[in-house]
Amino acid sequence: MGVLENKARARLFYKYLSKVYDQVNPFIWNEQMRSEALSLLDLEAETTVLDVGCGTGFATEGLLEHVDEVHALDQSEHQLEQAYEKFGKRGPPVHFHRGDAERLPFGTDTFDVVWSSGSIEYWPNPILALREFRRVLKPGGQVLVVGPNYPDNVLAGKLADSIMLFYDEYEADRMFKEAGFEDVKHLFQGPSYDPDVAITTIGRAPE
Ligand SMILES: C[S@@+](CC[C@H](N)C(=O)[O-])C[C@H]1O[C@@H](n2cnc3c(N)ncnc32)[C@H](O)[C@@H]1O
């Protein structure tokens, strides 16, 4: 397990990274990638959406181009503080929640869509979190998760494993199916200099 797949360490990491997150983020996760990922979802103004690991609200902002309101959750108070500055602390349009991806504070069958970008790599038990996503999704609801693609190079792979979760499409398939999702599909995405840096997985909760 990577050094950052630990909730307390990830919180400490983001205490410092939150100060520069919006400046650093576009080098690996940019607006074009976000739009491409958003286009995979069925979004209408009234669609109920949860953004897990919302951070400073980069994806939340993209979601709000399609839907009226978003529920956004993160475990880092420092990341959330940055997001509050953009959207206000209390919604609408954004309803913030401080919490853990592996223990979502929402009832069963609540959302049409659960989105999570750039967060799964920090979760100690991703299948537990994905099962939570399935629980809070309405039957037939869509899940979309953006995570880091496993590096081709063996040495880079070993280094990646020591830091956080990196996975390929086979591992993504296994995790999403084990969590109970159907119609699981993957898309590789990235900025022009590294077009496969991210793996985006979509799936559906059973009807
Ligand atoms: C790379 S940022 C992604 C932010 C945003 N989703 C985006 O698209 O830019 C990862 C976020 O996941 C959050 N995170 C990590 N582990 C978490 C957990 N167990 N529960 C909730 N949020 C978590 C971090 O605090 C951080 O804000």
Side-chain angles (χ1 to χ4, degrees), residues 1-41 49-67 70-87 94-106 111 113-133 135-136 143-149 160 163-167 175 179 187 189-191 197-202:
M1 188 171 282
V3 70
L4 287 176
E5 287 170 72
N6 169 294
K7 291 173 197 172
R9 275 190 222 129
R11 267 198 302 276
L12 185 64
F13 180 64
Y14 275 99
K15 177 175 178 183
Y16 299 102
L17 187 59
S18 62
K19 297 183 195 350
V20 292
Y21 182 85
D22 286 340
Q23 283 74 52
V24 173
N25 189 36
F27 291 103
I28 47 164
W29 170 231
N30 58 33
E31 286 184 22
Q32 191 198 328
M33 294 163 73
R34 183 181 69 183
S35 301
E36 213 179 355
L38 283 163
S39 72
L40 302 174
L41 294 170
V49 180
L50 172 64
D51 178 5
V52 178
C54 64
T56 64
F58 175 69
T60 318
E61 204 169 15
L63 286 160
L64 284 172
E65 289 170 9
H66 300 264
V67 301
V70 173
H71 285 263
L73 174 141
D74 202 285
Q75 69 155 359
S76 162
E77 59 183 292
H78 298 93
Q79 289 279 84
L80 285 172
E81 288 293 340
Q82 302 284 336
Y84 298 157
E85 282 181 23
K86 297 177 191 165
F87 306 102
V94 186
H95 306 275
F96 286 106
H97 310 264
R98 182 150 175 232
D100 181 358
E102 295 178 355
R103 218 157 39 118
L104 295 176
F106 307 103
F111 298 100
V113 168
V114 177
W115 164 290
S116 183
S117 46
S119 191
I120 187 171
E121 55 266 41
Y122 301 97
W123 308 338
N125 190 338
I127 293 173
L128 186 62
L130 292 173
R131 284 202 182 116
E132 274 291 85
F133 287 17
R135 181 184 67 76
V136 302
V143 63
L144 183 148
V145 174
V146 184
N149 188 16
I163 302 171
M164 51 175 66
L165 176 74
F166 284 73
Y167 55 92
M175 292 192 294
L187 170 74
Q189 298 191 269
V197 73
I199 174 167
T200 295
T201 302
I202 56 162

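Indexing begins at 1, ligand by ligand and atom by atom, following the structure's order. Hydrogens, waters and symmetry mates are skipped; everything else that's a heavy atom, side chains included, is used.
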Worksheet item: Which pairs count as side-chain hydrogen bond (donor to acceptor under 3.5 Å, both in side chains) when at least one residue sits in residues 4-18, sequence neighbours excluded?
Response: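 Non-adjacent pairs meeting side-chain hydrogen bond (donor to acceptor under 3.5 Å, both in side chains): K7-D100, K7-E102, R11-Q75, Y14-Y122.
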Donor-acceptor pairs under 3.5 angstrom involving side-chain atoms of residues 57-64: please list them, not counting sequence neighbours.
from: T60; atom 1: OG1; to: D51; atom 2: OD2; distance (Å): 2.7

Can you pull every nitrogen or oxygen pair between ligand 1 and the protein closer than 3.5 angstrom?
from: ligand 1; atom 1: 6 (N); to: G53; atom 2: O; distance (Å): 2.7
from: ligand 1; atom 1: 6 (N); to: S117; atom 2: O; distance (Å): 2.9
from: ligand 1; atom 1: 6 (N); to: S117; atom 2: OG; distance (Å): 3.2
from: ligand 1; atom 1: 8 (O); to: W29; atom 2: NE1; distance (Å): 2.8
from: ligand 1; atom 1: 8 (O); to: S117; atom 2: OG; distance (Å): 2.7
from: ligand 1; atom 1: 9 (O); to: Y21; atom 2: OH; distance (Å): 2.7
from: ligand 1; atom 1: 12 (O); to: S119; atom 2: OG; distance (Å): 2.8
from: ligand 1; atom 1: 14 (N); to: S119; atom 2: OG; distance (Å): 3.3
from: ligand 1; atom 1: 19 (N); to: D100; atom 2: OD1; distance (Å): 3.1
from: ligand 1; atom 1: 20 (N); to: A101; atom 2: N; distance (Å): 2.9
from: ligand 1; atom 1: 22 (N); to: Q75; atom 2: N; distance (Å): 3.3
from: ligand 1; atom 1: 25 (O); to: D74; atom 2: OD1; distance (Å): 2.6
from: ligand 1; atom 1: 27 (O); to: D74; atom 2: OD1; distance (Å): 3.3
from: ligand 1; atom 1: 27 (O); to: D74; atom 2: OD2; distance (Å): 2.7
from: ligand 1; atom 1: 27 (O); to: Q79; atom 2: NE2; distance (Å): 3.0

Discussion item. Counting C-beta onward and ignoring hydrogens, is there a side-chain heavy-atom pair between C54 and L80 closer than 4.5 Å?
Written reply: yes
Practice prompt. Report yes if some heavy atom in the side chain of V113 is under 4.5 Å from a heavy atom in the side chain of V67; otherwise report no.
Written response: no
Worksheet item: Of the non-hydrogen atoms in I127 and A179, which two are nearest, and what is the gap between them?
Response: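 The answer is O-CB, 4.3 Å.
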Worksheet item: What salt bridge (charged side-chain N to carboxylate O under 4.0 Å, His left out) pairs are there with at least one residue in residues 113-125, not counting sequence neighbours?
Response: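 Listed by first then second residue: nothing to list.
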